[in-house]
Amino acid sequence: MKAEASPNIAFIKYWGKLPFTRDEDRNLGTNPSLSLTLSQAKTETQVVRSHGPRTEFILNGSPASDADTAKVIAHLERVASTLGKELGTFRVESRNNFPAGAGIASSASAFAALTLAALGEMLGLQGALEYCWQNPQMVGALARRGSGSACRSLAGPFTEWNGTFARRLDCVWPLRDTILMISKKHKAVPSSDGHKLAQSSPLFLPRLARVPGRLAEVHKALTDKNLSALGPLLETEANELHEIARTGTPGVDYALPETRLVLNELARMPQRDFYFTLDAGPNVHLISERPIREDAERMLRKLGLDVEIWEDHAGVGPTLEGHPISC
Ligand code: PMV
């Protein structure tokens with residue numbers, strides 16, 4: 001069974017996890033988060049029952065590493081045990097149409113697509129569609145146990161994750177995300193380690209106290225479709241995430257010199273109608289209502305930077321065999 005899902009970019013970041021002892025409590029954020037689901041970047045994942053001795057995982061056309069294969073098998077086990085099914089073996093093939101490490105969280109789309117494709121293969125198409133319809137929270141919790149932010153990729157354009165699963169917000173606003181791919185290399189410190197280190201920063205607890213107020217402001221900006229109110233909140237969130245990473249023990253600097261050049265240039269632009277956000281990486285996401293590729297190219301030329309651009313925009317969530325799913 002084949003599923004497609006897109007990554008999401010967080011407006012309010014998930015940064016820090018609660019401790020857990022049971023797999024059911026894996027990847028619970030220390031704070032609620034809210035994101036925009038994209039549409040052009042996609043992970044396509046096919047899960048097919050096999051008669052082989054073990055589950056195989058093919059990633060972007062090549063056999064995946066043992067570590068990645070183990071994560072996929074652990075996830076298939078979660079889905080099977082939630083459904084009360086025997087596991088068996090599978091051939092899992094997954095492909096991204098965007099470069100890994102491009103500052104687009106591939107783990108979110110990967111685990112959203114894997115969860116749906118596995119449900120499809122284990123329950124049949126009709127059974128899986130009904131399951132998603134009747135148990136959206138369970139599907140969200142399964143995806144989240146694979147990778148926290150994956151639960152926010154199960155619907156769109158905006159989802160809020162608070163507790164064990166995410167829910168779609170009642171807001172349609174065709175925002176764009178123009179991504180300046182400053183580096184396509186995998187980040188040196190994976191976000192799983194970043195979540196742990198975050199808690200050692202003196203800025204972590206003060207931020208937690210600020211999140212509810214900021215979340216309420218983001219909700220209001222979304223309801224009003226007010227980009228000039230939303231934008232500064234996005235930028236503060238992005239700066240805080242990077243500050244927390246820098247001031248943890250040990251500190252991690254996710255920005256590159258080119259990232260700082262771009263951020264300084266943006267700070268010098270007096271009247272912008274696009275705003276930046278950052279993930280745990282060096283690439284800059286520019287959020288806007290209108291296409292801004294030309295503005296971005298002009299800025300990069302001025303800074304003498306040769307950087308690829310990925311243009312994306314709001315999406316409505318994943319599909320299973322072409323059927324829209326919204327959990
Ligand atoms: O889901 P993870 O473990 O890859 O964590 C994602 C963390 C950030 O991308 C930095 C922020 C977020 O909310 O997506």
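- With respect to the salt-bridge test (charged N to carboxylate O, under 4.0 angstrom), the residues Asp295 and Arg290 qualify.
- Judged by distance alone, with hydrogens and angles left aside, the side-chain atoms of Arg22 form no donor-acceptor pair with the main-chain N or O of Glu24 at under 3.5 Å.
- Note that the CZ atom of Arg78 and the CG atom of Leu87 stand 12.0 Å from one another [nearest 0.5 Å].
- Between the Asn226 side chain and the Ser228 main chain, a donor and an acceptor come within less than 3.5 Å of each other.
- Among residues at least two apart or in separate chains, there is no ring pair (Phe, Tyr, Trp, His ring centres under 6.0 Å) pair with a member in residues 116-153.
- In this structure, the separation between NE2 on His219 and CG on Leu222 is 7.5 Å, given to the nearest 0.5 Å.
- For Ser200, the side chain to side chain contact (heavy atoms under 4.5 Å, CB included) test picks out Thr249, with sequence neighbours left out.
- At least one side-chain heavy atom of Leu76 sits under 4.5 Å from a side-chain heavy atom of Thr55.
- Shown here is Gln134, whose CD atom has more than 12 heavy atoms of other residues, nucleotides or ligands within 6.0 Å.
- In this structure, Ile12 and Val211 have side chains that are in contact, with non-hydrogen atoms separated by less than 4.5 Å.
- The 12-atom threshold is not exceeded at NZ of Lys220, counting heavy atoms of other residues, nucleotides or ligands nearer than 6.0 Å.
- The two atoms that bring Asp25 and Arg144 nearest to each other are C-NH1, 3.8 Å, heavy atoms only.
- Remark: side-chain polar atoms of Asn31 are paired, donor with acceptor, to backbone N or O of Lys13 under 3.5 angstrom.
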As a quick check of understanding, evaluate side-chain contact (heavy atoms from CB on, under 4.5 Å) for Leu154 and Ser326, giving each step before the final call. CA-CA 6 Å; Leu154 288 171; Ser326 182; over 6 Å; no

Pair Leu59-Val92, side-chain contact (heavy atoms from CB on, under 4.5 Å): steps then yes or no: CA-CA 8 Å; Leu59 179 58; Val92 179; over 6 Å; no

Can I get a per-line list of side-chain donor-acceptor pairs under 3.5 Å for residues 297-306, giving both atom names and the distance, sequence neighbours left out?
unit_1, atom_1, unit_2, atom_2, d
Glu297, OE2, Arg293, NH1, 3.1
Lys302, NZ, Glu265, OE2, 2.9

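- Here the shortest heavy-atom pairing between Ser109 and Ala5 reads CB-O, 3.4 Å.
- Each salt bridge (charged side-chain N to carboxylate O under 4.0 Å, His left out) pair with one or both residues in residues 247-256, not counting sequence neighbours, appears once here: Arg246-Asp253, Asp253-Arg260.
- Within 6.0 Å of the NZ atom in Lys17, the count of heavy atoms belonging to other residues, nucleotides or ligands exceeds 12.
- For Arg54, the side chain to side chain contact (heavy atoms under 4.5 Å, CB included) criterion is met by no residue, not counting sequence neighbours.
- Residues that satisfy the salt bridge (Lys or Arg N to Asp or Glu O under 4.0 Å) test with Arg145, not counting sequence neighbours, are Asp23.
- A donor-acceptor pair is defined here as one N or O able to donate and one able to accept, closer than 3.5 Å; such a pair exists between the side chain of Glu121 and the backbone of Met1.
- Under the rule for a side chain to side chain donor-acceptor pair (under 3.5 Å), Thr164 has no partner lying at least two apart in sequence or in another chain.
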Verify side-chain contact (heavy atoms from CB on, under 4.5 Å) between Leu38 and Asn8, making sure each step is shown before the conclusion. CA-CA 6 Å; Leu38 301 179; Asn8 61 75; 5.9 Å; no

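- Partners of Glu240 by salt bridge (Lys or Arg N to Asp or Glu O under 4.0 Å), not counting sequence neighbours, listed by chain and number: Arg207, Arg210, Arg214.
- For Glu235 (side chain) and Phe276 (main-chain N/O), a donor-acceptor pair under 3.5 Å exists by modelled atom type.
- Taking each heavy atom of Ser153 and Ser6 in turn, the nearest pair found is OG-O, 2.7 Å.
- Between Thr30 and Phe204 there is a side-chain heavy-atom pair separated by less than 4.5 Å.
- A 4.5 Å side-chain heavy-atom check between Leu116 and Thr45 finds every atom pair outside the cut-off.
- The ring pair (Phe, Tyr, Trp, His ring centres under 6.0 Å) contacts involving residues 54-79 comprise His75-Phe111, where partners must be two or more places apart or lie in separate chains.
- For Gln40, the side chain to side chain donor-acceptor pair (under 3.5 Å) criterion is met by His313, not counting sequence neighbours.
- Contact between Thr277 and Ala10 at its shortest, heavy atoms only, is OG1-O, 3.8 Å.
- Pairs engaging residues 143-168 under the ring pair (Phe, Tyr, Trp, His ring centres under 6.0 Å) rule: Tyr14-Trp161 [sequence neighbours left out].
- Contact annotation: the side chain of Pro157 never approaches that of Trp173 to less than 4.5 Å [non-hydrogen atoms, C-beta and beyond].
- Rounded to the nearest 0.5 Å, atoms OH (Tyr254) and NE2 (His242) are 8.5 Å apart.
- Panel note: side chain Glu311, backbone Ile179; no donor-acceptor pair is recorded below 3.5 Å.
- When atom types are taken as modelled, the side chain of Lys225 and the backbone of Cys171 share no donor-acceptor pair closer than 3.5 angstrom.
- Checked by atom type and distance alone, the side chain of Thr247 pairs as donor or acceptor with a backbone atom of Glu243 at under 3.5 Å.
- Note on Arg91 versus Glu56: salt bridge recorded, some NZ/NE/NH1/NH2 to OD/OE distance being below 4.0 Å.
- Remark: Leu18 CG to Asn27 CG distance equals 10.5 Å, nearest 0.5 Å.
- Side-chain atoms of Glu93 do not come within 3.5 Å of backbone N or O of Ile58 as any donor-acceptor pair.
- Within the 4.5 Å cutoff, the side chain of Val316 has no heavy atoms near those of the Ser39 side chain.
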Set out, in order, the CA-CA distance, both residues' side-chain angles and the distance that settles side-chain contact (heavy atoms from CB on, under 4.5 Å) for Leu129 and Ile325, then state yes or no. CA-CA 8 Å; Leu129 293 175; Ile325 304 275; 3.6 Å; yes

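- Across all their heavy atoms, Thr159 and Ala166 have their closest contact at CB-CB, 4.4 Å.
- Defined by atom type and a distance below 3.5 Å, a donor-acceptor pair is present between the side-chain atoms of Asn96 and Thr43.
- Counting only heavy atoms from C-beta outward, the side chains of Leu142 and Thr82 approach each other to under 4.5 Å.
- A pairwise comparison of heavy atoms in Asp273 and Leu227 identifies O-CD2, 3.5 Å as the closest pair.
- One finds the OG atom of Ser147 at 9.0 Å from the CZ atom of Arg152 (value rounded to the nearest 0.5 Å).
- Judged by distance alone, the side chain of Ser65 and the main-chain N or O of Asp68 form a donor-acceptor pair under 3.5 Å.
- Remark: Arg49 engages no residue in a side chain to side chain donor-acceptor pair (under 3.5 Å) (not counting sequence neighbours).
- A donor atom on one side chain and an acceptor atom on the other are not found under 3.5 Å apart for Ser191 and Asp193.
- Note that OG1 of Thr178 is 11.5 Å distant from CD of Glu294, once rounded to the nearest 0.5 Å.
- A salt bridge between Arg167 and Glu160 is present, with a side-chain N of the basic residue lying under 4.0 Å from a carboxylate O of the acidic one.
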